[in-house]
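To start, the structure itself, in structure tokens.
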Amino acid sequence: MANVVVVGAQWGDEGKGKIVDWLSERADVIARFQGGHNAGHTLVIGETVYKLHALPSGVVRGGKLSVIGNGVVLDPWHLVKEIEGIRGQGVEITPETLMIAENTPLILPLHGELDRAREEAANPGAKIGTTGRGIGPAYEDKVGRRSVRVADLGDRATLEARVDRALTHHNALRRGLGIDPIDREALIADLEAISEKILPFAAPVWKVLNEKRKAGKRILFEGAQGALLDIDFGTYPFVTSSNVIAGQAATGVGLGPSAIDYTLGIVKAYTTRVGEGPFPTELTDEDGKRLGERGHEFGTTTGRQRRCGWFDACLVKQTCATSGVNGIALTKLDVLDGFETLKICTGYDLDGTRLDYLPTAADQQARCTPVYEELPGWSQSTEGARSWADLPAEAIKYVRRVEELIECPVALLSTSPERDDTILVTDPFAD
Ligand code: GDP
Ligand code: IMO
Ligand code: MG
């Protein structure tokens, strides 16, 4: 009855959705614990493609409890639309199958507006390249103690007081930016209208999950983004506004850290990044173009083209450490089919000194050049492989070398977007 945390170990889009969906068969509860609808998780099940943003990737399997934890920031209007869309694909979503923590802070339209206004006003080098969904401003309000939270939707007087608290700050800010102040009455009316659709899902998630845990139920924590976008350990300031690493799973739902038995890092067999910021192994040549084309590297949320590069073992070793990763799911190995040689970054050269981690100082990061080792590629297809025996020897060598360099074993291997094109090496849920 292990509880498993799934975290992205690079810059997001590692294939978390596919792996969470695959693992959710073994779980009773699937819980999101950070981020918001900046996430875009793709599930491919036969002919059907599901794109989930705020909903946990467990929703498509019947008989599971999906949870949106307090560590998330939630846009209620987006969620209602997403639920309608997913219901349209034949998935049943009811208050028995979906719970939202009452202490979850809301993303309001003013957060998205502020996010986009800041990005537009920023000089080219200062743009973060956010998803524009209001994530940063909503988390700022959470720590600024001026959020409207799910529970506030249940009482008109509290709701008004919370909105006033938020608007005291935001209207001052908007005046400075030359944006019209918020129409208080319209915002309250909109929140009251959406509350009817949100409140039926509201629950004391911390209590429900503690009880589930005591009853021996298995909880699967679904991370969004990736550890290199973590607010503390990512490539700051080109990061998201939440803690992404595994430690957040406990605080993001209201369980103690001892509830986490196993952390699975999701790792793409090469590297991608969407948005601005450092990316030591980025390729702007034909190889990079080829990775992007073969991997269909376009963002699930914004449709933006993802930057592509060689596998960076140095960075993944680092993210496995900060999340305490027990094993990884290596995804998109098939995208590397047909390359004559493959490169893996094993460290950096900084002004003549060899480093085995990416330094924190921005000027040093900019001067780091990757140190590569080369491995032979393979010409056979690995697409859809469902056992080690289906893999060419060079592909196995590549996987083994990745394990050695990141000092972490492969627990799962993914060879196509399809749910069942997955090789199980070690079951993260095994006792
Ligand atoms: P997430 O944000 O980590 O859930 O990842 P995304 O869904 O944003 O992006 C991963 C993309 O890769 C999706 O389109 C998946 O369907 C696809 N994908 C996942 N695993 C594999 C794999 O092993 N091979 C290939 N070719 N595609 C995969
Ligand atoms: P999933 O869960 C990849 C990136 C944005 C931007 C930075 C900050 O699908 O892996 P934000 O809107 O969060 O303030 O943007 O973070 N970003 C992601 N990149 N995958 C994601 O989610 C991301 N969520 C945010 O592109 O660089
Ligand atoms: Mg994604």
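For ligands, and for the atoms within them, numbers begin at 1 and follow the listed sequence.
- Nearest N, O or S atom of Asp13 to the Mg ion (ligand 3): atom OD1.
- Residue Val335 has no nitrogen or oxygen atom sitting less than 3.5 Å from a nitrogen or oxygen atom of ligand 1, judged on distance alone.
- Ser416 approaches Gly384 most closely through the heavy-atom pair CB-N, 4.1 Å.
- Between Arg174 and Glu113, at least one side-chain nitrogen of the basic residue sits less than 4.0 Å from a carboxylate oxygen of the acidic one, meeting the salt-bridge criterion.
- Under 4.0 angstrom from ligand 1, the non-hydrogen atoms of Asp334 all belong to its side chain.
- Residue contacts with ligand 2 for Arg133 are absent, since no atom lies close enough (heavy atoms, distance under 4.0 Å).
- Summary of contacts: the protein heavy atom closest to atom 2 (O) of ligand 1 is Gly40 O, 2.8 Å.
- Side-chain contact check for Gln380 and Glu394: no donor-acceptor pair (N or O, by modelled atom type) lies under 3.5 Å.
- With a heavy-atom cut-off of 4.0 Å, Ser416 touches ligand 1 through its backbone alone.
- An N or O contact shorter than 3.5 Å is missing between Lys18 and ligand 1 by distance.
- Contact annotation for Arg306 and ligand 1: only side-chain heavy atoms (C-beta onward) come within less than 4.0 Å of the ligand.
- Ile179 contributes atom CD1, which lies 7.5 Å from atom CG of Leu173 (distance to the nearest 0.5 angstrom).
- Using modelled atom types, one finds a donor on one side chain and an acceptor on the other under 3.5 Å when comparing Arg304 with Thr302.
- Contact annotation for Arg273 and ligand 2: no heavy atom of the residue comes within less than 4.0 Å of the ligand.
- Residue contacts with ligand 2 for Thr302 are absent, since no atom lies close enough (heavy atoms, distance under 4.0 Å).
- Scanning all protein heavy atoms for the shortest distance to atom 15 (O) of ligand 2 gives Thr130 CA, 3.3 Å.
- Near Ser414, meaning under 4.0 Å from any of its heavy atoms, are these atoms of ligand 1: 20 (N), 21 (C), 22 (C), 23 (O).
- Close contacts between ligand 1 and Lys16 involve ligand atoms 1 (P), 2 (O), 3 (O), 4 (O) [criterion: under 4.0 Å to a heavy atom].
- Ligand 1 has no atom lying under 4.0 Å from any heavy atom of Gly8.
- Checking Gly15, Pro417, Ala329 against atom 16 (O) of ligand 1, the nearest heavy atom belongs to Pro417.
- Of all the heavy atoms of Val274, the ones lying under 4.0 Å from any atom of ligand 2 are found in both the backbone and the side chain.
- Residue-ligand proximity, Trp11 to ligand 2, at heavy-atom distances under 4.0 Å covers atoms 3 (C), 19 (N).
- When non-hydrogen atoms are compared, ligand 1 lies under 4.0 Å from the backbone of Thr415 (N, CA, C, O) but not from its side chain.
- On a distance-only criterion, Thr331 and ligand 1 share no N/O pair closer than 3.5 Å.
- A salt bridge does not link Glu276 with Lys127: none of the charged nitrogens is closer than 4.0 Å to a carboxylate oxygen.
- Where the criterion is an N or O separation shorter than 3.5 Å, residue side chain and backbone included, Leu333 fails it with respect to ligand 1.
- When each of Phe339, Phe279, Tyr270 is paired with Trp310, the ring-ring contact (aromatic ring centres under 6.0 Å, His included) condition holds for Phe339 and for no other.
- Heavy atoms of Phe238 found under 4.0 angstrom from ligand 2: none, in either backbone or side chain.
- No donor-acceptor pair under 3.5 Å is formed between the side chain of Asp21 and the backbone N or O of Gly58.
- Among protein heavy atoms, atom 10 (C) of ligand 1 sits closest to Asp13 O, 3.8 Å.
- Looking at Ser57 and Glu222, their side chains do bring a donor and an acceptor atom within 3.5 Å of each other.
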